[in-house]
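Just below is one structure, and these are the notes that go with it.
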Amino acid sequence: MFEARLAEGGILKKVLDAIKELLNEASFDCSEAGLQLQAMDNSHVSLVSLNLRAEGFENYRCDRNMSMGMNLASLVKIMKCSANDDVLTIKAQDNADVVTFVFESKNGDRVSDFDMKLMNLDQEHLGIPETDYACVIKMPSNEFAKIVRDLSQFGESIAIACSKQGVKFSSTGDIGTGNIKLAQNSSADSDDKVVVDLQEPVTLTFASRYLNSFAKAAGLSEKVTLSMSPDVPLVVEFKVATSDNDYGYIRYYLAPKIED
Amino acid sequence: KAKQSSLMSFFQKK
């Protein structure tokens, strides 16, 4: 059987907020190592890779590997029935066709449970090669979200140019052009830091719509890491973490726009 | 105009 107890059930709500725009349904793969999800959006432009480590759960038991196909809109409905600080237990019998979510209030005087039908999803997994990226940018996730939101007003594409000077985000459209430049800084407040690890300068162009969807994960982590190399997909990574627990990560891969 | 590429042209199916 599978049983996983998450002290902060709100974490799963935030994870759902971070993937529900991109995916209608997805398989959660359970193993001894934890819960993993890998799925592409319908148009095969982006991929979500979620890893929640077994160690991040208060209790974690997975007797045999199983894949739980879930409709994410249904899962959102169920998670809406919980409070952010509820303790969440997810459980399923081997070969079951339902998964159960149990919510316990912090003081223990309210317990609710919801069964959700599982789906048979024929999901293809992609092998993602280990890559040394030419540019790795670490920046505050709120800043990333704001930049992407602001520039999306201009055009359907955003160019990200990374060089020794820093990072420049640009977008052009009917109303004009927007450029936002971030210098590397070493401000005393490390939370505001933008750090660039550069092997060679890279400029790539991406669809604004997907970057905006990725930015929905900003609630999971104060930092975001963008990794780029010429002519390969961008990686946008958010740690899934609180001050006292490292749950894992959510990574988004996004295919670049390429000159015709 | 830049064209959207597909992830499938970068990553192989497992």
Side-chain angles (χ1 to χ4, degrees), chain A residues 22-23 27 29 36 38-49 67 122-131 133 155-160 170-174 203-211 214 227-236 251-260, chain B:
Chain A
L22 294 163
L23 308 172
S27 280
D29 300 320
Q36 271 101 29
Q38 196 215 68
M40 278 187 288
D41 72 282
N42 279 337
S43 44
H44 289 188
V45 170
S46 71
L47 178 140
V48 178
S49 173
S67 189
D122 192 16
Q123 286 208 321
E124 46 196 12
H125 279 65
L126 297 182
I128 298 165
E130 285 286 318
T131 307
Y133 288 92
E156 56 186 37
S157 298
I158 295 176
I160 307 177
S170 313
S171 186
T172 300
D174 292 342
T203 299
L204 289 172
T205 302
F206 302 100
S208 315
R209 182 164 78 84
Y210 289 95
L211 294 174
F214 303 167
S227 302
M228 302 201 299
S229 278
D231 299 320
V232 303
L234 164 76
V235 190
V236 179
R251 284 183 194 145
Y252 303 94
Y253 294 82
L254 179 59
K257 291 197 167 185
I258 290 172
E259 287 304 324
D260 226 350
Chain B
K1 204 186 160 189
K3 223 172 121 184
Q4 178 63 60
S5 61
S6 163
L7 271 186
M8 306 299 280
S9 52
F10 301 98
F11 300 147
Q12 302 293 317
K13 277 186 203 175
K14 255 200 235 175

Check your understanding: What is the distance from atom CD1 of A:Ile128 to atom CG of B:Leu7, rounded to the nearest 0.5 Å?
Key -> 8.0 Å
Review point. Just how far is it from atom OH of A:Tyr253 to atom CZ of B:Phe11, taken to the nearest 0.5 Å?
Key: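 Result: 6.0 Å between the selected atoms.
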Review point. Contact part of B:Gln4 toward chain A, heavy-atom cut-off under 4.5 Å: side chain, backbone, both or neither?
Key: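 Contact with chain A involves both backbone and side-chain atoms of B:Gln4.
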Revision key, fill the gap. Minimal heavy-atom distance between A:Ile258 and B:Phe10, with the atoms involved, is CD1-CZ, 4.3 Å
Practice item. Taking all heavy atoms of B:Ser6 and all of A:Ala255, pick out the closest pair and write down the distance. Key: C-CB, 3.9 Å
Can you tell which part of [X] gets under 4.5 Å to a heavy atom of chain B, answering side chain, backbone, both or neither?
X        : result
A:Glu124 : side chain
A:Glu156 : side chain
A:Ser46  : backbone

**Study point:** side chain to side chain contact (heavy atoms under 4.5 Å, CB included) assessment of A:Leu126 paired with B:Lys14
**Key:** CA-CA 5 Å; A:Leu126 297 182; B:Lys14 255 200 235 175; over 6 Å; no
